[in-house]
Amino acid sequence: MTEPIETLLYIDGAAAAASDGKSYGIFNPARPGELVGRAAAGTPDDVDRAVKAAHAAFPAWASLGYEERGALLRKVAAAITQDMAEVDARARLFTREHGKILRETHLEISRLGERFIQSANYAERLARDEVIRAAPNDTIITRQPRGVAALVVPWNWPLAILGAKLPQALMAGNTVVVKPSANSALAPTLTLHRIAELLPPGVVNILTGSASRIGDAIIGHPLVRYVNFTGSVDVGRHVMTVAARNITPVTLELGGNDAGLVLHDADLSGDAFHRLYRAAFMSTGQICYALKRLYVHRSRFEQVVEGLRAVVDAQVIGDGLLPETTMGPMNNAKQLKVVTDMIAQARAKGQNVIELGQVPDPALYAQGYFQRPTLVIDADPSLCVVREEQFGPILPILPFDTEEQALALANDDQFGLASSVWSADIDRAVALARRIEAGYSFINAHGPSAQDGNGPFGGFKKSGIGRNFGYEGLIQFQGYHSITAAPGTIA
Ligand code: NAP
Ligand code: MG
């Protein structure tokens, strides 16, 4: 049994315990009795120190050129990804505190590194100002960093999601305070320490602890100039309210209830069912842009149900550290209950609910936050699992007759995060995707394994405000600044 580890805050260039010395335990979701480690439980005093340190570090950091900041970002990418022994130890810790399988925790670490490099690659484009030489004046349209950015990440993909905010915030010239989720703080915090140590004091500050203790103190701090939040709709709404006190701008990446549309001509050969499986069940379904409602043309319905059922049933559910495991436990009891309640509701309504997958260690399954991957066949459209975000390993499959009907079903939802269209005719698929109310659409795939980080990502409707990723996401960490002078006077 591995010894529990202890992680600290990081403020103004130094690791620190919480001001009152408190910490809290994080337990293994596969064995909830096993303490994986303890994280510092930051206080509002710690928040104030961290934000002030970030504020003090801002002018010098902002005054560096993009190339200089980009070079530091490349150094960070190398430091967090190149020592394979360290990466492996980090991934194992991450699996133990989170539940997800080792392959995915490795993937998160490499994604974070890639995103530092991707952000550094925007240096030249960021440095280019637009100059308009037309009546009545000459005007330079430049941008400037916002100041201290507060970055809040959820537990489900804490490092990859950090990769959508942290390198971009830094590249844009901001200094940051980062709050990882209380549910998965250890590996993210160790990784963040590694990053912070490579940068000038105060540029990256790390605050762990429960949101009820420090959340509002961060978001409502008068020296925080921008908030980039990823999490649930309810907390996002609250964050927006607190930020409104200081008119602090927010980017909110919230929930999703992504529809996938399998058209009559979909190519379901090769690894298509594996792609569909990963779309819905990767990370035990705990992905904001997982496939959450699958609509299938009636002519292909049986084929899709049988094909998907076979792939789902072959999955091995267990401890994410074991090489044979393909699906780990859910992260926490609260999210598990959301899913088991949805299953109970569907069963109570006489729905065809099938729980699949192989469970080699039933004693472990009974102990941890496990849920077998589940399909709800020909689901009643009024079920919670169709109408709400499940954020777990359960997928409803529903038939449709015409593309117009499929489109209406996809768009009849409170969310508008991602979506997918599955068709052998890419033009037809793209034309349909253009009409879906979503910030991101995939063709013949869905989810993190198919995402292109060059494209801005985010949602319509209750899925949020603003975008992360790509150049468009990066410049949300800046504000426009127009400088105008008499015609013909600007060089
Ligand atoms: P959550 O409960 O909303 O928490 C998200 C983060 O906000 C956590 O770090 C949480 O800290 C923190 N927080 C809570 N109250 C706060 C406050 N008053 N001020 C500042 N921060 C506060 O969400 P979750 O359960 O971790 O994540 C699941 C949800 O996130 C799902 O709805 C999912 O769809 C969404 N999500 C969206 C995206 C996207 O890109 N659109 C990506 C991933 C997940 P504690 O952990 O300490 O409570
Ligand atoms: Mg749903």
Side-chain angles (χ1 to χ4, degrees), residues 24 26 39 41-42 47 98 150-158 160-165 177-185 188 207-221 224 227-243 250-260 280 283 285-294 330-332 334-335 338-339 342 346 376 379 381 383-392 394-396 398 413-418 438-440 447-448 451 456-460 462-469 473:
Y24 71 95
I26 295 181
V47 171
H98 189 288
L151 312 182
V152 182
V153 292
W155 50 262
N156 67 316
W157 273 62
I161 292 172
L162 207 54
K165 308 174 190 291
V177 290
V178 186
K179 198 199 96 52
S181 165
N183 284 359
S184 180
L207 294 164
T208 51
S210 88
S212 57
R213 225 171 166 211
I214 57 172
D216 289 10
I218 298 172
I219 307 300
H221 197 292
V224 166
V227 173
N228 193 303
F229 169 89
T230 299
S232 62
V233 174
D234 286 345
V235 177
R237 182 184 295 114
H238 172 79
V239 161
M240 199 172 168
T241 310
V242 175
V250 294
T251 291
L252 303 175
E253 295 269 344
L254 308 178
N257 195 18
D258 291 12
S283 287
Q286 301 163 122
I287 297 182
C288 54
Y289 61 115
L291 171 64
K292 294 189 180 129
R293 301 176 283 151
L294 185 60
M330 296 187 65
N331 173 263
N332 58 75
K334 187 175 151 212
Q335 197 58 44
V338 170
V339 173
M342 284 180 171
V376 187
L383 291 176
C384 287
V385 71
V386 180
R387 302 302 304 169
E388 291 164 23
E389 178 178 44
Q390 54 269 53
F391 216 64
I394 177 168
L395 178 70
L398 303 90
D413 200 79
Q414 59 182 321
F415 293 111
L417 193 56
Y440 205 100
Q451 194 197 341
F457 178 89
F460 286 95
K462 281 195 190 146
S463 291
I465 296 174
R467 294 292 181 266
N468 282 318
F469 285 111

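Every number for a ligand or one of its atoms is a count from 1 in the order of the listing.
- A donor-acceptor pair under 3.5 Å is formed between the side chain of R213 and the backbone N or O of A41.
- V386 and A379 get closest at one heavy-atom pair: CG2-CB, 4.0 Å.
- Using a non-hydrogen distance threshold of 4.0 Å, G209 registers as a contact of ligand 1.
- For ligand 1, the polar-atom distance check against S181 finds a nitrogen or oxygen pair separated by under 3.5 Å.
- Considering backbone and side-chain atoms together, E253 places an N or O closer than 3.5 Å to an N or O of ligand 1.
- Counting atoms of ligand 1 from 1 in the listed order, those under 4.0 Å from a heavy atom of L417 are 41 (N).
- The main-chain N or O of G255 is found under 3.5 Å from a side-chain atom of S463 such that the two form a donor-acceptor pair.
- In terms of heavy atoms, L254 sits closest to F229 at CD2-CE2, 3.6 Å.
- Within the 6.0 Å centre-distance limit, the rings of W155 and F391 are counted as a close aromatic pair.
- In terms of heavy-atom proximity, R293 sits nearest to N257 at NE-O, 2.8 Å.
- At a 4.0 Å cut-off, at least one heavy atom of F457 sits close enough to ligand 1 to count as contact.
- At the shortest separation from atom 32 (O) of ligand 1 among protein heavy atoms lies E389 OE1, 2.8 Å.
- Considering only non-hydrogen atoms, atom 25 (O) of ligand 1 lies nearest to W155 out of F469, Y24, W155.
- Counting only distance, with no hydrogens or angles, the side chain of S283 and the backbone of G285 share no donor-acceptor pair below 3.5 Å.
- A donor-acceptor contact closer than 3.5 angstrom is absent between the side chains of K165 and T251.
- Across all non-hydrogen atoms, the minimal contact from A418 to Y289 is CB-CB, 3.8 Å.
- Given atom 27 (O) of ligand 1, the protein heavy atom at minimum distance is P154 CB, 3.3 Å.
- The shortest separation from a heavy atom of W157 to ligand 1 is not under 4.0 Å, leaving the residue out of contact.
- In plain terms, the two heavy atoms of Q390 and K292 that are nearest each other are NE2-O, 2.8 Å.
- Between Y440 and F457, the angle of the ring planes lies from 30° to 60°, which puts this pair in the tilted group.
- Protein heavy atom nearest atom 13 (N) of ligand 1, with residue, atom name and distance: A211 CB, 3.4 Å.
- Among the atoms of G231, some N or O lies under 3.5 angstrom from an N or O of ligand 1.
- Of all protein heavy atoms, the one lying nearest to atom 11 (O) of ligand 1 is K179 NZ, 3.0 Å.
- Numbered from 1 in the order shown, with element, the atoms of ligand 1 that lie under 4.0 Å from a heavy atom of V153 read 6 (C), 8 (C), 9 (O).
- Listed here is the closest heavy atom pair of H98 and N156: NE2-O, 3.1 Å.
- Note that atom 4 (O) of ligand 1 has no protein non-hydrogen atoms nearby, at separations under 4.0 angstrom.
- Near I161, the atoms of ligand 1 lying under 4.0 angstrom from a non-hydrogen atom of the residue are 42 (C), 43 (C).
- Here the shortest heavy-atom distance to atom 23 (O) of ligand 1, taken over S463, G464, S232, belongs to S232.
- How far CG of L383 is from CD of E388: 10.5 Å, rounded to the nearest 0.5 Å.
- Going from atom NZ of K462 over to atom CG of D234 covers 9.0 Å, rounded to the nearest 0.5 Å.
- Looking at atom 18 (N) of ligand 1, its nearest protein heavy atom turns out to be D216 OD1, 3.0 Å.
- With hydrogens left out, the protein atom closest to atom 20 (C) of ligand 1 is G215 CA, 3.5 Å, a heavy atom.
- Atoms of ligand 1 found under 4.0 Å from any heavy atom of H238, numbered from 1 in the order shown, are 18 (N).
- Closest to atom 6 (C) of ligand 1 among all protein heavy atoms lies V152 CG1, 3.6 Å.
- Any N or O atom pair closer than 3.5 Å counts here, and N156 shares no such pair with ligand 1.
- Rounding to 10 degrees, one finds that the Mg ion (ligand 2) sits at the corner of an angle of 150° between N257 OD1 and V385 O.
- Residue-level check: among N/O/S atoms of E388, O sits closest to the Mg ion (ligand 2).
- Between L254 and ligand 1, an N or O atom pair is found at a separation short of 3.5 Å.
- Heavy-atom distances between I218 and ligand 1 stay at or above 4.0 Å for every pair.
- Not one N or O on the side chain of R387 forms a donor-acceptor pair closer than 3.5 Å with the backbone of D413.
- Atom numbering of ligand 1 starts at 1 in the shown order; those under 4.0 Å from a heavy atom of V235 are 2 (O), 3 (O), 13 (N), 14 (C), 15 (N), 16 (C), 22 (C).
- Of the protein's heavy atoms, C288 SG, 3.1 Å lies nearest to atom 39 (C) of ligand 1.
- Heavy atoms of F229 found under 4.0 angstrom from ligand 1 belong exclusively to the side chain.
- Contacts between I219 and ligand 1, counted as non-hydrogen atom pairs separated by less than 4.0 Å, involve the side chain only.
- Here's the thing with F391: none of its N/O atoms is less than 3.5 angstrom from an N/O atom of ligand 1.
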